[in-house]
Number of protein chains: 2
Amino acid sequence: MGDHVSGKGLKRADLARRTGCNLETIRYYEKIGIMPEPPRTASRYRVYDERHVARLRFILRGRELGFSLDELRELLRLVDRGTQTCAEVKTMTEQHLAEVRTKIADLKQIEKVLAATAAQCSGGEVPECPVLETLAS
Amino acid sequence: MGDHVSGKGLKRADLARRTGCNLETIRYYEKIGIMPEPPRTASRYRVYDERHVARLRFILRGRELGFSLDELRELLRLVDRGTQTCAEVKTMTEQHLAEVRTKIADLKQIEKVLAATAAQCSGGEVPECPVLETLAS
DNA sequence: GATAAGGTCTGTAGTAACTACAGACTCAAA
DNA sequence: TTTGAGTCTGTAGTTACTACAGACCTTATC
């Protein structure tokens, strides 16, 4: 069913396989309205096509790049509107890029403290520990 | 009440002020067993002392350094046992450090893609957009 | 045709680490 | 005494999933 109708009807598991997405996540994306409700067979099985594959890939790629689902929803809204401008998308991307850079800076600071502290450890069977002192300070 | 008993009884809001911790978070940490249940007044108000301040600061500092609550629970268990060794703590720290470094590497890769893509944007009022093409690819 | 295996359906619960709120109670000061 | 502020409890909401139970459907095999 689905697949033989026109040679391109995909079931949920097919969509999952094609995109690498988790099976349940597809349903979740539909529920929160970031993936459109697909047509159904008579017995209520979801039927996807290539546009669903493309959209889900877009979302997954965006997630890989650290966009939140809300940001992707907005990005997709611009795409769907069909009249988005490069300027709008660029602004969102630069905002996100700034957040990513902030996170990197935060983590680098954490790394610095952890590395410096661990380096002070004797690693021996002693109760004194620089890490615990750092945490307590 | 609390404060005048011996000059060091702290109420929940006092503990929050002293540590910078959110008021509700204190109750949450108690609920999940990472902060001990403090003694109570007759009317069931929590009463904290300096040891609670120290422990909460330990937790908050650990969170700042990216340790999970589970990791901190383990760290505190070692502390409470009183016989922890520097070696045990060092191992946990180095494991965490490795995770932090992985996260930094991931984010740097993301940053690279985002920066390169945004740089390609004309920023103009055109519908073509390198960001969207990157996401779709 | 019967049956068994596997896919899909729904709703719901669990995860991390909080944060916030409602409604009841208590405390301190004017 | 009354008012305002603080505290108590339990519970719900957040992000982005993931997993499961129990019912239904489809497909293959005999």
Side-chain angles (χ1 to χ4, degrees), chain A residues 1-5 9-35 37-48 52 56 58-76 96 99 103 106 110, chain B residues 1-5 9-35 37-48 52 56 58-76 96 99 103 106 110:
Chain A
M1 186 54 78
D3 222 359
H4 72 72
V5 171
L10 302 169
K11 281 181 290 188
R12 191 148 58 101
D14 298 324
L15 182 58
R17 250 192 314 278
R18 286 280 299 276
T19 58
C21 185
N22 176 287
L23 193 63
E24 301 290 320
T25 302
I26 294 172
R27 207 155 57 89
Y28 171 68
Y29 284 166
E30 180 184 327
K31 189 178 155 201
I32 65 167
I34 198 168
M35 281 288 287
E37 291 185 28
R40 306 280 190 124
T41 66
S43 51
R44 299 199 46 69
Y45 279 29
R46 291 169 178 83
V47 183
Y48 299 100
H52 294 102
L56 184 50
F58 185 102
I59 295 166
L60 294 173
R61 185 93 181 93
R63 293 291 300 132
E64 275 175 20
L65 290 176
F67 284 99
S68 71
L69 288 176
D70 260 1
E71 286 168 330
L72 287 171
R73 202 196 309 275
E74 175 64 12
L75 241 24
L76 285 165
H96 177 55
E99 283 162 29
K103 248 183 225 165
D106 290 349
I110 288 172
Chain B
M1 183 55 79
D3 221 0
H4 73 72
V5 170
L10 301 169
K11 282 180 291 188
R12 191 149 57 101
D14 299 325
L15 182 59
R17 251 193 313 279
R18 288 280 300 275
T19 57
C21 186
N22 176 288
L23 193 63
E24 300 291 319
T25 302
I26 294 172
R27 206 155 58 89
Y28 171 68
Y29 284 166
E30 180 184 326
K31 189 177 155 201
I32 65 167
I34 197 166
M35 280 290 285
E37 291 186 27
R40 305 283 188 122
T41 66
S43 51
R44 299 198 46 71
Y45 278 30
R46 291 168 178 84
V47 182
Y48 298 101
H52 293 100
L56 184 49
F58 185 103
I59 295 166
L60 294 173
R61 185 94 180 92
R63 293 291 299 132
E64 274 175 21
L65 290 175
F67 285 100
S68 71
L69 288 176
D70 262 0
E71 286 168 329
L72 288 170
R73 203 195 310 274
E74 175 64 12
L75 241 24
L76 285 165
H96 178 55
E99 283 163 28
K103 249 184 224 167
D106 290 349
I110 288 172

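Not measured: the values here are computed from a predicted model. All values below were derived from every heavy atom in this structure, side-chain atoms included, with hydrogens, water molecules and symmetry-related copies excluded. Chain letters run A, B, ... following the sequence lines, proteins first and then strands; every chain starts at 1.
Remark: E30(B) pairs with R46(B) by the side chain to side chain donor-acceptor pair (under 3.5 Å) rule, at least two apart or across chains. Residues forming a salt bridge (charged side-chain N to carboxylate O under 4.0 Å, His left out) with R27(A) (at least two apart in sequence, or on another chain): E24(A). Listed by chain and number, the residues in a side chain to side chain donor-acceptor pair (under 3.5 Å) with H52(A) are D49(A) (sequence neighbours excluded). Every residue two or more places apart in sequence or in another chain that forms a salt bridge (charged side-chain N to carboxylate O under 4.0 Å, His left out) with D70(A) is listed here: R73(A). The salt bridge (charged side-chain N to carboxylate O under 4.0 Å, His left out) check on R44(A) picks up nothing, with sequence neighbours excluded. Residues forming a side chain to side chain donor-acceptor pair (under 3.5 Å) with R18(A) (at least two apart in sequence, or on another chain): E50(A).
At dA20(C), one or more side-chain N or O atoms of N22(B) fall inside 4.0 Å of OP1 or OP2 (strictly under the cut-off). S43(B) has a side-chain polar atom (N or O) that falls below the 4.0 Å cut-off from OP1 or OP2 of dC27(C). Distances shorter than 4.0 Å separate none of the side-chain N or O atoms of R46(B) from OP1 or OP2 on dG6(D). Within the structure, a side-chain polar atom (N or O) of R40(B) is placed less than 4.0 Å from OP1 or OP2 of dT9(D). The phosphate of dC24(D) has neither OP1 nor OP2 within less than 4.0 Å of any side-chain N or O from R44(A).
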Take L69(B) and Y28(B) through the test side chain to side chain contact (heavy atoms under 4.5 Å, CB included) and record every step on the way to the result. CA-CA 11 Å; L69(B) 288 176; Y28(B) 171 68; 3.9 Å; yes
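For the pair D14(A) CG and dG7(C) C1', the interatomic distance rounds to 10 Å; values are reported in whole Å. Rounded to an integer number of Å, the gap from CZ of R17(A) to C1' of dG7(C) is 10 Å. Remark: P of dT7(D) and CG of L15(B) are 11 Å apart, rounded to the nearest angstrom. In this structure, R12(A) places its CZ atom 13 Å from P of dT18(D), rounding to the nearest Å.
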Please table the atom pairs, donor to acceptor, closer than 3.5 Å between any side-chain atom in residues 58-65 of chain B and protein atoms at least two apart or in another chain.
residue : atom : partner : partner atom : Å
R61(B)  : NH1  : E64(B)  : OE1          : 3.2
R63(B)  : NH1  : F67(B)  : O            : 2.6

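At least one donor-acceptor pair under 3.5 Å links the side chain of T41(B) to the backbone N or O of S43(B). A donor-acceptor distance shorter than 3.5 angstrom exists from the side chain of D14(A) to the backbone of K11(A), with no hydrogens or angles considered.
V47(A) and P38(A) get closest at one heavy-atom pair: O-CB, 3.5 Å.
Near DNA chain C, meaning a heavy atom under 4.0 Å from it, residues 23-34 of chain B has E24(B), T25(B), R27(B), Y28(B), Y29(B) in order of number. Applying a 4.0 Å cut-off to non-hydrogen atoms, none of the residues of residues 59-72 of chain B approaches DNA chain D.
End-to-end axis angle of the helix from dG1(C)-dC30(D) to dA30(C)-dT1(D), using five pairs per end and rounding to 10°, comes to 20°.
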